[in-house]
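Worksheet for the structure shown next.
Below, all heavy atoms of this structure are taken into account, side chains as well, without hydrogens, waters or symmetry copies. Note that this is a predicted model, so its numbers are computed, not measured. Quick note: residue numbers are just sequence positions, from 1.
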Amino acid sequence: MALEITDKEFDRLVTYMHDNFGINLASKKVLVKGRLGNMLNERGFKSYDEYIDAVLADTSGAEVTTILNKLTTNHTFFMREPEHYTFLKDTILPYMVEQNKQSKTLRIWSAACSSGEECYTTAMLLDEYFGRDKANWDTRILATDISQSVINKAKEGIYHEDGMKGLSNDWKSRYFNDLGNGNYEICQAIKDEVIFKTFNLMDPMPDKYKRNPFDLIFCRNVMIYFDQPTKTALVERFYDVVKPCGYFYIGHAESVQRNETRFDYVKPAIYRKKEK
């Protein structure tokens, strides 16, 4: 039987999740009880306050990872929102290659990368796009997430075929090793194209991101958890670390208030930074 949560405990949990991670659970009391209640009982906690105290006291970060994984959904798959990749291939990459032909470096950030499908899809597309010229370019992708456990899963790079239906047979054979039983592992060459790091999107953007801004940032299907002021502030922080004329992707289920952002709208879920 799920542990009951009092209004005071719920308010404390809502405040903690919002202030630390930007996640808005104010209308999610049933979800919170459903996802945490049984676990707390099984682990011997007598109240939600006791559990929140344990989260705050744990310096290892394990409890933070647990509560984030319980209260957010890390469901994703390869080639999600395929029109984003079509636009990347047909429009963004030709522009970025021309702009960066001297440095031969592309800077792409997969923010809130979850279990890695987004950044690996992008890495495979880049490998195919550049072909033999790929060795002359640095196109390594920065992939970040707040959860160390999903970062570890992404680094492992093992996926079931159920989440690979959007990939062509050619990509499956070129970029994956068949492990049997419907499981596949990303090949090492593609793994090497992604740099994984933990990062909380509520934190200030590192100065190095501002000094070396990105050509393209993916931040898809994470802002659905944020209230509007949190979303607006995050989008503005992203704007500061995108190159002039660089691009910003969000999920199709999300929106950016056009009167509250400096990004220009390009098409659904795609935005672009203005020229200087």
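One finds the CD1 atom of I217 at 9.5 Å from the CZ atom of R107 (value rounded to the nearest 0.5 Å). Atoms CG and CZ, on L93 and F87 in that order, are 11.0 Å from each other to the nearest 0.5 Å. Note that NZ of K231 and CZ of F226 are 9.5 Å apart. Values are rounded to the nearest 0.5 Å. If you take CZ on F176 and CD1 on I186, they are separated by 3.5 Å, rounding to the nearest 0.5 Å. The distance from the CH2 atom of W171 to the CG atom of D127 is 9.0 Å, given to the nearest 0.5 Å. One finds the CG atom of N41 at 8.5 Å from the NZ atom of K46 (value rounded to the nearest 0.5 Å).
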Under the side chain to side chain contact (heavy atoms under 4.5 Å, CB included) rule, what do L125 and K89 come out as? Steps first, then yes or no, please. CA-CA 8 Å; L125 186 149; K89 180 181 67 175; 4.3 Å; yes
Candidate pair T122 and L216, rule side chain to side chain contact (heavy atoms under 4.5 Å, CB included), full reasoning: CA-CA 11 Å; T122 307; L216 167 64; 5.6 Å; no
Starting from the C-alpha separation in whole Å, work towards a yes-or-no answer on salt bridge (Lys or Arg N to Asp or Glu O under 4.0 Å) for E83 and K267. CA-CA 11 Å; E83 53 272 27; K267 58 192 304 184; over 6 Å; no
Under the side chain to side chain contact (heavy atoms under 4.5 Å, CB included) criterion, do C113 and L142 qualify, and how do the steps go? CA-CA 9 Å; C113 66; L142 173 65; over 6 Å; no
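Y247 has its ring centre no less than 6.0 Å from the ring centre of Y271. Y184 has its ring centre no less than 6.0 Å from the ring centre of F78.
Residues N100 and T105 are not in side-chain contact: their nearest non-hydrogen atoms beyond the backbone lie 4.5 Å or more apart. Between I146 and L201, the closest side-chain pair of non-hydrogen atoms is not below 4.5 Å. By the 4.5 Å heavy-atom criterion applied to side chains, K191 and Y120 are counted as neighbours. Using a 4.5 Å heavy-atom cutoff, the side chains of L31 and L71 are in contact. Side-chain atoms of Y265 and V256, non-hydrogen and from C-beta on, never get closer than 4.5 Å to each other. Between T91 and V266 the shortest side-chain heavy-atom distance does not fall below 4.5 Å. Using a 4.5 Å heavy-atom threshold, the side chains of E9 and Y51 count as separate. Annotation: side chain of I108 is not in contact with side chain of T139 (no heavy-atom distance under 4.5 Å).
Around CG of N181, the count of heavy atoms belonging to other residues, nucleotides or ligands within 6.0 Å does not exceed 12.
Of all non-hydrogen atoms in D240 and K210, the two that sit nearest each other are O-CG, 4.2 Å. For T66 against M39, the heavy-atom pair with the smallest separation is CG2-SD, 3.8 Å. Taking all atoms of both residues into account, the shortest heavy-atom contact from M164 to H160 is CG-O, 3.6 Å. Listed here is the closest heavy atom pair of R237 and M205: O-CG, 3.7 Å. Closest approach of N136 and K104 over heavy atoms only: O-CD, 3.3 Å. Scanning all heavy atoms of the two residues, the minimum distance from L88 to F218 falls at CD2-CZ, 4.5 Å.
Residue L179 is found in a hydrophobic cluster whose other members, listed by chain and number, are I158; membership requires side-chain heavy atoms under 4.5 Å apart, directly or through intermediates.
When E118, E254, H252 are each tested for a side chain to side chain donor-acceptor pair (under 3.5 Å) with R220, only one passes: E118. Just one of K134, Q188, R140 meets the side chain to side chain donor-acceptor pair (under 3.5 Å) condition when paired with E193; it is K134.
With no hydrogens or angles considered, no side-chain donor-acceptor pair links T6 and E4 at under 3.5 Å. Side-chain contact check for E156 and N152: no donor-acceptor pair (N or O, by modelled atom type) lies under 3.5 Å.
Salt bridge absent: R272 and D264 never bring a charged side-chain N and a carboxylate O closer than 4.0 Å.
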Less than 3.5 Å apart, which donor and acceptor atoms pair up between the side chains of residues 16-29 and the rest of the protein, not counting sequence neighbours?
{"from": "H18", "atom 1": "NE2", "to": "D227", "atom 2": "OD2", "distance (Å)": "2.8"}
{"from": "H18", "atom 1": "NE2", "to": "T230", "atom 2": "OG1", "distance (Å)": "3.3"}
{"from": "N20", "atom 1": "ND2", "to": "Y16", "atom 2": "O", "distance (Å)": "2.9"}
{"from": "N24", "atom 1": "OD1", "to": "A26", "atom 2": "N", "distance (Å)": "3.2"}
{"from": "K29", "atom 1": "NZ", "to": "D7", "atom 2": "OD1", "distance (Å)": "2.4"}

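Evaluation of the ring pair (Phe, Tyr, Trp, His ring centres under 6.0 Å) test over residues 94-119, restricted to residues two or more places apart or in two chains, returns W109-F199, W109-Y209, W109-F214, W109-F238.
No side-chain donor-acceptor contact under 3.5 Å links E260 to the backbone of T232. Looking only at distances, no side-chain donor or acceptor of T261 sits under 3.5 Å from a matching main-chain atom of R258. No donor-acceptor pair closer than 3.5 Å links the side chain of Y48 to the backbone N or O of R12. The main-chain N or O of M96 is never found under 3.5 Å from a side-chain atom of D215 such that the two would form a donor-acceptor pair.
A cation-pi geometry, defined here as NZ or CZ lying under 6.0 Å from the six-membered ring centre and within 45° of its normal, holds between K273 and Y239.
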